[in-house]
Amino acid sequence: MTRPDDALSTLRVALGERSYPIHIGPGLLGDPQWLTPHLAGRQVMVVTNETVAPLYLSRLRQGLGDDLDVRELVLPDGEATKTLASVERIWDALLEAGFNRRCTLVALGGGVIGDMVGFAAACYQRGVAFVQVPTTLLSQVDSSVGGKTGVNHPRGKNMIGAFWQPRAVLIDTDTLSTLPARELSAGLAEVIKYGLIRDADFLAWLEANMAALRGLEATALTRAIERSCSLKAEIVAEDETEQGVRALLNLGHTFGHAIETHQGYGRWLHGEAVGTGMLMAAELSQRLGWLEAADVARIRAILAAADLPLAAPVDMTPEDFLAIMRLDKKNLDDRLRLILLERLGEACVHDRTPPERLVALLEAFPRR
Ligand SMILES: NC(=O)c1ccc[n+]([C@@H]2O[C@H](COP(=O)([O-])OP(=O)(O)OC[C@H]3O[C@@H](n4cnc5c(N)ncnc54)[C@H](O)[C@@H]3O)[C@@H](O)[C@H]2O)c1
Ligand SMILES: O=C(O)C(=O)C[C@@H](O)[C@H](O)[C@H](O)COP(=O)(O)O
Ligand SMILES: [Zn+2]
């Protein structure tokens with residue numbers, strides 16, 4: 001595929017002495033110049049799933065030269081498969097292939113594949129190289145960047161994992177052409193998140209361009225991916241292991257992870273749960289006197305424009321929420337730590353929410 005040079009951009013995630021590139025543009029998948037420089041040695045294990053394999057595996061293989069020892073592992077699809085058992089399948093395949101510490105894992109797929117492959121890479125022989133090739137909007141704007149890897153536990157999302165950074169992130173924007181609309185909306189939730197926590201101008205741009213984004217208009221999508229990755233790269237560079245500012249990336253996640261866990265993994269998409277969780281966080285912020293009613297109305301409107309759910313599950317009681325939220329990884333000293341909004345474009349970590357205010361929000365928030 002030919003590509004005008006200006007259609008490609010490269011950002012970097014700087015981590016002290018180290019850094020890695022995020023390449024963004026159309027046509028990256030089949031082009032050897034993007035993937036091969038990031039391989040640690042000749043041994044390459046491409047891990048994908050049964051939905052993505054028929055769409056993009058052969059294209060990715062074209063980007064790997066004949067002189068490499070390339071193996072493929074195709075896992076089942078779905079959030080419910082983001083388990084230690086699936087990661088064990090990756091380790092089994094690596095051992096069966098006789099792969100050593102200079103092998104490279106390539107994660108081809110959405111956030112589920114990326115999180116599992118990253119975790120497999122973090123642990124295999126105490127750590128090997130991996131490259132993220134994200135194919136959903138959500139994974140292109142969020143999960144492929146920053147090195148959070150892991151799997152779910154029945155009691156909570158991403159409870160088992162490690163911080164392990166990829167060697168590179170290759171975002172081929174052409175892959176979005178096959179993404180189902182519901183998955184696109186889920187990805188838009190994390191895009192909106194960046195505007196809410198860090199960039200009010202970007203939020204306004206998203207409001208004005210939501211139709212173009214949902215219509216898969218290439219220029220708009222690329223701009224949204226670039227701005228999201230750039231904001232995430234900035235935050236991760238400041239705080240790689242979530243000691244401080246990185247927690248802001250969790251806006252909507254304390255509520256959202258509770259929904260995903262309670263409903264059974266995969267029933268609500270991650271982005272859908274985060275979207276509803278962000279509205280819950282916004283309404284709580286209003287109850288605490290920070291956001292104005294008009295701010296919350298704007299948030300509700302942009303989530304609706306992205307076709308995201310605006311109500312929590314009908315069968316979830318306040319106690320259901322609280323029981324799961326108490327296990328959230330951000331909590332310290334038995335205190336709930338929530339990400340709330342001081343204003344549009346500015347978030348904070350809050351661990352002093354009066355319990356009765358939180359319960360009132362959980363009781364009043366709409367159900368569907
Ligand atoms: N590590 C992080 O920082 C981070 C950040 C955000 C989310 N996550 C995690 O990411 C996961 C969600 O990721 P996701 O939304 O990408 O879900 P996903 O990986 O389940 O992918 C969504 C669906 O789209 C399919 N798909 C992937 N690419 C496609 C394409 N190009 N065309 C057609 N179908 C395609 C997948 O097979 C799947 O059915 C959750 O587990 C979440 O916890 C992690
Ligand atoms: O990169 C981060 O940091 C995030 O919090 C990004 C989130 O969108 C993502 O869902 C992440 O996996 C959540 O992390 P967790 O630590 O709350 O499990
Ligand atoms: Zn998320």
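Predicted, not measured: the structure shown is a model, and the values here were computed from it. These values consider heavy atoms only, across backbone and side chains, with no hydrogens, waters or symmetry-generated copies. Indexing begins at 1, ligand by ligand and atom by atom, following the structure's order.
- Under the 4.0 Å criterion applied to side-chain N and carboxylate O atoms, D115 and K82 are assigned as salt-bridge partners.
- Counting heavy atoms from C-beta outward, L358 and L322 have side chains that approach closer than 4.5 Å.
- The ligand atoms of ligand 2 that sit less than 4.0 angstrom from a heavy atom of H270 are 10 (O).
- Taking atom 16 (O) of ligand 2 as the reference point, the nearest protein heavy-atom neighbour is K148 NZ, 2.8 Å.
- At a threshold of 4.0 Å, the pair R267-E272 does not count as salt-bridged, since none of the basic side-chain nitrogens sits closer than that to a carboxylate oxygen.
- The aromatic rings of H270 and H257 sit tilted relative to each other, their planes meeting at an angle between 30° and 60°.
- Of the protein's heavy atoms, N158 ND2, 3.4 Å lies nearest to atom 12 (O) of ligand 2.
- For M159, the closest heavy-atom approach to ligand 2 does not fall below 4.0 Å.
- Salt-bridge check for E96 with R71: failed, with every basic side-chain N at 4.0 Å or more from each acidic carboxylate O.
- A salt bridge is absent between E226 and R223: the closest approach of a Lys/Arg side-chain nitrogen to an acidic carboxylate oxygen does not fall below 4.0 angstrom.
- Residue, atom and distance of the protein heavy atom nearest to atom 13 (C) of ligand 2 are N250 ND2, 3.6 Å.
- Short contacts between ligand 2 and K232, defined as distances under 4.0 Å to a heavy atom of the residue, involve ligand atoms 1 (O), 2 (C), 6 (C).
- Ligand 2 has a nitrogen or oxygen under 3.5 angstrom from a nitrogen or oxygen of K193.
- Taken together through direct or relayed side-chain contacts under 4.5 Å among Ile, Leu, Val, Met, Phe, Trp and Tyr, L55 and L137 form parts of separate hydrophobic clusters.
- For atom 3 (O) of ligand 2, the nearest non-hydrogen atom of the protein is R246 NE, 2.7 Å.
- Near K329, meaning under 4.0 Å from one of its heavy atoms, ligand 2 places the atoms 15 (P), 16 (O), 17 (O), 18 (O).
- The hydrophobic cluster containing Y20 does not contain F130, counting ILVMFWY residues as joined when their side-chain heavy atoms lie under 4.5 angstrom apart, directly or transitively.
- Nearest N, O or S atom of E190 to the Zn ion (ligand 3): atom OE2.
- A salt bridge links D307 and R214; the closest N-O separation between the charged side-chain nitrogens and carboxylate oxygens is under 4.0 Å.
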Contact table, ligand 1 N/O with protein N/O, distance under 3.5 Å:
{"unit_1": "ligand 1", "atom_1": "1 (N)", "unit_2": "D115", "atom_2": "OD1", "d": "2.9"}
{"unit_1": "ligand 1", "atom_1": "1 (N)", "unit_2": "K148", "atom_2": "O", "d": "2.8"}
{"unit_1": "ligand 1", "atom_1": "3 (O)", "unit_2": "K232", "atom_2": "NZ", "d": "3.2"}
{"unit_1": "ligand 1", "atom_1": "13 (O)", "unit_2": "G111", "atom_2": "N", "d": "3.2"}
{"unit_1": "ligand 1", "atom_1": "16 (O)", "unit_2": "G111", "atom_2": "N", "d": "2.8"}
{"unit_1": "ligand 1", "atom_1": "16 (O)", "unit_2": "T136", "atom_2": "OG1", "d": "2.6"}
{"unit_1": "ligand 1", "atom_1": "19 (O)", "unit_2": "G111", "atom_2": "N", "d": "3.1"}
{"unit_1": "ligand 1", "atom_1": "19 (O)", "unit_2": "V112", "atom_2": "N", "d": "3.0"}
{"unit_1": "ligand 1", "atom_1": "28 (N)", "unit_2": "T135", "atom_2": "O", "d": "3.4"}
{"unit_1": "ligand 1", "atom_1": "28 (N)", "unit_2": "T135", "atom_2": "OG1", "d": "2.7"}
{"unit_1": "ligand 1", "atom_1": "31 (N)", "unit_2": "T135", "atom_2": "O", "d": "3.0"}
{"unit_1": "ligand 1", "atom_1": "31 (N)", "unit_2": "T175", "atom_2": "O", "d": "3.0"}
{"unit_1": "ligand 1", "atom_1": "31 (N)", "unit_2": "T178", "atom_2": "OG1", "d": "3.4"}
{"unit_1": "ligand 1", "atom_1": "32 (N)", "unit_2": "T178", "atom_2": "O", "d": "3.4"}
{"unit_1": "ligand 1", "atom_1": "32 (N)", "unit_2": "T178", "atom_2": "OG1", "d": "2.7"}
{"unit_1": "ligand 1", "atom_1": "37 (O)", "unit_2": "N49", "atom_2": "ND2", "d": "3.0"}
{"unit_1": "ligand 1", "atom_1": "37 (O)", "unit_2": "D77", "atom_2": "OD1", "d": "3.1"}
{"unit_1": "ligand 1", "atom_1": "37 (O)", "unit_2": "D77", "atom_2": "OD2", "d": "2.9"}
{"unit_1": "ligand 1", "atom_1": "39 (O)", "unit_2": "D77", "atom_2": "OD1", "d": "3.2"}
{"unit_1": "ligand 1", "atom_1": "39 (O)", "unit_2": "D77", "atom_2": "OD2", "d": "2.7"}
{"unit_1": "ligand 1", "atom_1": "41 (O)", "unit_2": "E79", "atom_2": "OE1", "d": "2.8"}
{"unit_1": "ligand 1", "atom_1": "41 (O)", "unit_2": "E79", "atom_2": "OE2", "d": "2.9"}
{"unit_1": "ligand 1", "atom_1": "41 (O)", "unit_2": "K82", "atom_2": "NZ", "d": "2.8"}
{"unit_1": "ligand 1", "atom_1": "41 (O)", "unit_2": "K157", "atom_2": "NZ", "d": "3.3"}
{"unit_1": "ligand 1", "atom_1": "43 (O)", "unit_2": "K82", "atom_2": "NZ", "d": "3.2"}
{"unit_1": "ligand 1", "atom_1": "43 (O)", "unit_2": "K157", "atom_2": "NZ", "d": "2.8"}

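- In this structure, R368 satisfies the cation-pi test against W268, with its NZ or CZ atom closer than 6.0 Å to the six-membered ring centre and inside 45 degrees of the ring normal.
- Heavy atoms of K330 found under 4.0 angstrom from ligand 2: none, in either backbone or side chain.
- A donor-acceptor contact shorter than 3.5 Å links the side chain of D172 to the backbone of L29.
- The Zn ion (ligand 3) sits nearest to atom NE2 when only the N, O or S atoms of H270 are considered.
- The existence of a salt bridge linking D199 and R227 is confirmed by a sub-4.0 Å separation between a basic side-chain nitrogen and an acidic carboxylate oxygen.
- For L249, heavy-atom contacts with ligand 2 shorter than 4.0 Å involve the backbone as well as the side chain.
- Counting protein heavy atoms only, atom 9 (C) of ligand 2 is closest to H253 NE2, 3.7 Å.
- Among all non-hydrogen protein atoms, the one lying nearest atom 8 (O) of ligand 2 is D142 OD2, 2.7 Å.
- Counting heavy atoms from C-beta outward, E183 and L138 have side chains that stay 4.5 Å or more apart.
- Looking at D115 next to ligand 2, no N or O pair under 3.5 Å apart turns up.
- With R246 contributing its side chain and D239 its backbone, the two residues share no donor-acceptor pair below 3.5 Å.
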